[in-house]
K.L.:
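Take a look at this one; I'll ask things after.
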Amino acid sequence: DPPLNWAMDNVQPKGDIVFITDGAAHVSQQVFNRCQTKLNETGTRLFTVYIQASYNHQLRSLSPLEIGLIDVMSKESTDKVGSLLRSIKS
């Protein structure tokens, strides 16, 4: 919860947040609701990058785009990150 709370405290209107996680932590309902409200109010997008992790169902409903990286140095992973960065630019 602390990283998401920090992000919501510092979000700028129409901003983008890239959230890097292992997906293991639980997001409390209170923080989930706060994120959902803040993202909708500000038009901010949350992009989630999972590193050697399984997807978190709570974050899935907040992120328009999420990618999973098994090996951060593989070509597939760098292609996925490149795609993410290009989509943020749009």
Side-chain angles (χ1 to χ4, degrees):
D1 285 359
L4 286 173
N5 271 322
W6 184 91
M8 294 306 108
D9 288 342
N10 293 283
V11 70
Q12 300 294 315
K14 299 286 184 188
D16 292 318
I17 298 168
V18 177
F19 187 65
I20 301 171
T21 182
D22 63 4
H26 173 76
V27 178
S28 71
Q29 191 62 46
Q30 179 182 3
V31 170
F32 175 83
N33 291 342
R34 179 173 185 233
C35 289
Q36 196 169 41
T37 299
K38 192 76 166 182
L39 294 172
N40 288 334
E41 287 176 353
T42 62
T44 298
R45 298 180 299 177
L46 174 69
F47 299 95
T48 306
V49 178
Y50 296 92
I51 298 182
Q52 294 185 349
S54 57
Y55 291 100
N56 180 304
H57 72 279
Q58 293 166 305
L59 292 174
R60 284 196 120 156
S61 63
L62 295 173
S63 285
L65 176 67
E66 56 186 5
I67 59 174
L69 306 177
I70 300 300
D71 173 6
V72 295
M73 300 307 291
S74 73
K75 173 147 176 35
E76 179 184 3
S77 293
T78 56
D79 289 348
K80 285 181 178 181
V81 171
S83 176
L84 170 68
L85 295 175
R86 283 188 294 281
S87 74
I88 290 172
K89 187 177 177 182
S90 311

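Throughout, numbering of the chain's residues begins at 1 and tracks the sequence.
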K.L.:
For the CD1 atom of Ile17 and the CG atom of Leu4, what is their distance to the nearest 0.5 Å?
P.N.:
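One finds 8.0 Å between CD1 of Ile17 and CG of Leu4.
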
K.L.:
CG of Leu59 to CZ of Phe47: how many Å apart, nearest 0.5 Å?
P.N.:
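The CG atom of Leu59 sits 14.0 Å away from the CZ atom of Phe47.
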
K.L.:
Would you say the side chains of Gln36 and Asn40 form a donor-acceptor pair under 3.5 Å?
P.N.:
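Side chains of Gln36 and Asn40: no pair found under 3.5 Å.
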
K.L.:
Do Asn5 and Arg34 have side chains that get closer than 4.5 Å, going by heavy atoms?
P.N.:
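Result yes, sub-4.5 Å side-chain heavy-atom pair found.
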
K.L.:
I need the minimum non-hydrogen distance between Lys38 and Met8, along with the two atoms involved.
P.N.:
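Taking every non-hydrogen atom into account, CE-O, 3.2 Å.
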
K.L.:
Indicate yes or no: at least one non-hydrogen side-chain atom of Val49 is less than 4.5 angstrom from one of Thr21.
P.N.:
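No - every pair of side-chain heavy atoms lies 4.5 Å or more apart.
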
K.L.:
If you measure from NE2 on His26 to CD on Gln58, what distance do you get to the nearest 0.5 Å?
P.N.:
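The CD atom of Gln58 is 4.5 Å from NE2 of His26, to the nearest 0.5 Å.
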
K.L.:
Would you please name every residue forming a salt bridge (charged side-chain N to carboxylate O under 4.0 Å, His left out) with Asp79, sequence neighbours left out?
P.N.:
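If we apply the salt bridge (charged side-chain N to carboxylate O under 4.0 Å, His left out) test to Asp79, skipping adjacent residues, the hits are Lys75.
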
K.L.:
Would you say the side chain of Phe19 lies within less than 4.5 Å of the side chain of Leu62, judging by non-hydrogen atoms?
P.N.:
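No, their side chains stay 4.5 Å or more apart.
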
K.L.:
Please report the interatomic distance OG1(Thr44) to CG(Asp16), rounded to the nearest 0.5 Å.
P.N.:
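Thr44 atom OG1 to Asp16 atom CG measures 7.5 Å (nearest 0.5 Å).
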
